[in-house]
Structures are given as C-alpha cells and as structure tokens.
Amino acid sequence: MKFFADTADTADIKELAETGLLDGVTTNPSLIAKSGRDFMEVTKEICGLTGGPVSAEVVALDHETMMKEAEVLRKIADNVCIKVPLTIDGLKTCKALTSEGTMVNVTLCFSANQALLAAKAGATFVSPFVGRHDDNGTDGMDLIRDIRLIYDNYLFDTEILVASVRHATHVLESARIGADVATMPPKVIKALANHVLTDKGIEGFMADWAKTGQTILK
Ligand code: E4P
C-alpha cells in the first residue's frame with residue numbers, strides 16, 4: 001500500500017520523504033491556498049522532493065481549458081499527475097491525457113458508479129473521499145469496498161487512492177480492503193507510528209539499561 005502526503009507544505013513533505021515512507025504527494029486548490037505559495041513554484045519544489053506522483057489539479061471546468069491547463073502543468077516535471085474533477089469534462093480530459101501517457105488522478109469521487117467511469121476513462125488513480133462521506137453521515141469505507149470489488153471484477157488497472165483520510169482507522173480499513181494508496185495529512189502518517197505500549201516499553205528498557213551502567217558507543 002502506497003502512502004501519499006496530502007499537503008502542499010514542503011517542510012512536512014521533506015521530513016516525510018526522509019523517513020522513506022513517502023510514495024507521492026497530492027495537492028488541491030485549497031491546499032495550495034493554505035500554503036500561501038505560487039502554484040507552479042511550490043509544485044515544482046514538491047516534484048523535486050519525491051520521485052513519486054505529485055497531483056496538481058486543474059481549475060477549469062470545461063474540457064478544452066482543462067487540456068490547456070494540463071499542458072502547462074505537465075511541463076513542470078515528469079512526475080506530475082494531472083488531477084481532474086469527476087465530471088464529464090474531467091473524464092474526457094482524463095481519457096485524452098492518459099492516452100498520451102500522462103498520469104491522471106480523477107478526484108472528488110463519491111460513488112462507485114463514478115469510480116467505474118474513471119476506470120473506463122483510463123484514470124491512473126481515482127480519489128474517493130472517505131472523510132467527507134463520514135461528515136455527511138454515510139460510511140466512507142463502504143465506498144472503498146464497492147470500488148475494490150468492481151475494479152477486481154473487471155481487472156481495471158486504475159489505482160484506488162483513498163482521499164479525505166482523517167484518522168488511523170481509515171488507513172487500517174483501507175489496507176484491509178486492499179486499496180492501492182492512501183493520501184493523508186502528514187500528522188495522520190506520523191500518528192500511525194504511535195502506540196502507548198511502545199512508549200511504555202521504551203521507558204522500561206531505558207530504565208533497565210541505565211541500571212547496567214553500560215554504553216554502546218564508546
Ligand atoms: C485528495 O486528493 C484531497 O486533496 C483531500 O484528501 C481532501 O481531503 P479533505 O476532505 O480533508 O479536504
């Protein structure tokens with residue numbers, strides 16, 4: 001299972017890249033706004049921090065302008081993945097771009113039928129938003145189960161990129177279901193390492209080690 005960081009904060013991305021746990025990055029217009037940085041400049045910097053796909057989202061709503069924006073974005077770096085919304089124009093753009101060998105992430109997916117369309121349009125990734133489903137009173141993980149079943153039924157290559165991840169249980173459930181990727185805020189990735197018994201165990205070992213009076217490094 002691949003881990004993507006869902007952020008445009010380059011300090012966080014750098015820190016995660018150094019752990020060796022980072023397989024890519026996703027951004028969206030809200031995350032770019034939050035970074036306060038120039039879109040092209042920050043995207044180029046992120047592309048240099050990871051060898052994995054970096055999703056950069058188009059903001060046009062019509063196919064023709066999406067294609068023009070994608071043309072600009074894909075020149076940033078070889079690992080740019082064009083992010084398009086799950087609309088008919090977005091799917092048309094997805095088909096055109098993936099036919100030319102450009103990676104595409106179809107975002108804002110909220111139903112299994114939408115995910116079926118993304119796969120038929122040749123998407124590299126589809127991004128179902130689990131947290132926003134939960135916020136709306138429906139279980140976001142049911143959507144991931146349905147998409148996994150459908151993609152396996154037809155042997156679609158499109159990778160399921162679980163998005164809008166809010167906590168560790170979303171990650172665990174995604175892994176159980178067999179989702180290909182989870183994109184997470186950096187704090188969620190780091191929190192996966194936490195366990196109270198790990199902390200307690202370290203505390204005990206350190207106390208006993210101190211009693212020996214030994215050092216490993218001389
Ligand atoms: C995915 O690519 C999106 O950027 C993201 O996961 C949305 O998450 P949110 O619902 O927390 O805004």
Side-chain angles (χ1 to χ4, degrees), residues 1-32 34-35 37 39-59 66-67 69-86 90-91 93-109 114-115 118-130 144 147-148 151 156-165 170-171 174-175 178-186 188-189 192:
M1 183 175 173
K2 285 176 259 189
F3 281 9
F4 288 0
D6 196 26
T7 183
D9 184 318
T10 51
D12 280 342
I13 294 166
K14 193 166 185 291
E15 189 189 347
L16 284 168
E18 283 165 2
T19 66
L21 294 171
L22 193 67
D23 302 300
V25 174
T26 52
T27 67
N28 64 35
S30 305
L31 293 169
I32 296 296
K34 193 174 165 197
S35 78
R37 300 205 31 204
F39 181 28
M40 300 297 286
E41 183 195 283
V42 76
T43 305
K44 193 178 170 76
E45 190 177 332
I46 295 169
C47 288
L49 294 172
T50 174
V54 175
S55 291
E57 191 159 343
V58 298
V59 288
M66 280 184 195
M67 287 300 290
E69 289 181 351
E71 200 48 51
V72 174
L73 295 175
R74 67 178 168 183
K75 285 196 186 114
I76 296 174
D78 288 344
N79 55 337
V80 164
C81 173
I82 306 298
K83 208 174 183 188
V84 299
L86 211 154
L91 293 168
T93 304
C94 173
K95 189 74 182 173
L97 292 172
T98 53
S99 305
E100 293 170 3
T102 298
M103 289 186 287
V104 176
N105 176 358
V106 179
T107 191
L108 290 166
C109 172
Q114 286 181 315
K120 284 179 68 64
T124 317
F125 302 101
V126 66
S127 289
F129 279 38
V130 293
I144 307 303
I147 300 174
R148 181 74 283 158
Y151 281 13
F156 283 123
D157 289 335
T158 300
E159 295 191 35
I160 303 172
L161 195 171
V162 182
S164 190
V165 167
H170 279 150
V171 183
S174 298
D180 304 282
V181 192
T183 189
M184 300 165 256
V188 173
I189 300 182
L192 297 178

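Predicted model, so just to flag it, every value in this text is computed and none were measured.
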Closest heavy-atom pair and its distance - [X], [Y]:
X: N79; Y: T50; answer: ND2-O, 2.8 Å
X: L73; Y: A56; answer: CD1-O, 3.9 Å
X: A119; Y: T158; answer: CA-OG1, 3.3 Å
X: I76; Y: C47; answer: CG2-SG, 4.5 Å
X: A123; Y: V106; answer: CB-CG2, 3.7 Å
X: A5; Y: I189; answer: CA-CD1, 4.2 Å

- Task: Pick out which of T107, T7, T183, N105 makes a side chain to side chain donor-acceptor pair (under 3.5 Å) with T26.
- Result: T183
First locate atom [atom1] of [X], then atom [atom2] of [Y], and finally report the distance between them rounded to the nearest 0.5 Å.
X: F3; Y: L16; atom1: CZ; atom2: CG; answer: 10.5 Å
X: E57; Y: L108; atom1: CD; atom2: CG; answer: 6.5 Å
X: I147; Y: F156; atom1: CD1; atom2: CZ; answer: 12.0 Å
X: Y151; Y: D157; atom1: OH; atom2: CG; answer: 10.5 Å
X: M66; Y: I82; atom1: CE; atom2: CD1; answer: 12.0 Å

- Message: Run the side-chain contact (heavy atoms from CB on, under 4.5 Å) test on V171 and M1 for me, step by step, so that the C-alpha distance in whole Å, both residues' side-chain angles and the decisive distance to 0.1 Å come before the verdict.
- Response: CA-CA 10 Å; V171 183; M1 183 175 173; 4.3 Å; yes
- Item | Partner of I13 under side chain to side chain contact (heavy atoms under 4.5 Å, CB included), chosen from V54, V42, L22 | L22
Can you find a heavy atom in the side chain of [X] that is under 4.5 Å from one in the side chain of [Y]?
X: D180; Y: R148; value: yes
X: S164; Y: H170; value: no
X: V181; Y: D23; value: no
X: V72; Y: M40; value: yes
X: F4; Y: S55; value: no
X: T10; Y: R37; value: yes
X: K83; Y: F125; value: no

- Message: Has R74 got a side-chain atom pairing as donor or acceptor with T102's backbone, closer than 3.5 angstrom?
- Response: no
- Message: Whether the side chain of T27 engages the backbone of I32 through a donor-acceptor N/O pair (distance < 3.5 Å, no angle test) should be reported.
- Response: no
- Item | side-chain contact (heavy atoms from CB on, under 4.5 Å) between T43 and I46, worked out | CA-CA 5 Å; T43 305; I46 295 169; 5.5 Å; no
- Only pairs at least two apart or in different chains count here, so list each salt bridge (Lys or Arg N to Asp or Glu O under 4.0 Å) that has a residue in residues 3-14. K14-E18
- So T93 and V58, side-chain contact (heavy atoms from CB on, under 4.5 Å) or not? Walk me through it. CA-CA 10 Å; T93 304; V58 298; 5.9 Å; no
- Note on the structure: The side-chain hydrogen bond (donor to acceptor under 3.5 Å, both in side chains) partners of E159 (sequence neighbours excluded) come to K2
- Can you list the steps and then say if E71 with K75 is a side-chain contact (heavy atoms from CB on, under 4.5 Å)? CA-CA 7 Å; E71 200 48 51; K75 285 196 186 114; 4.1 Å; yes
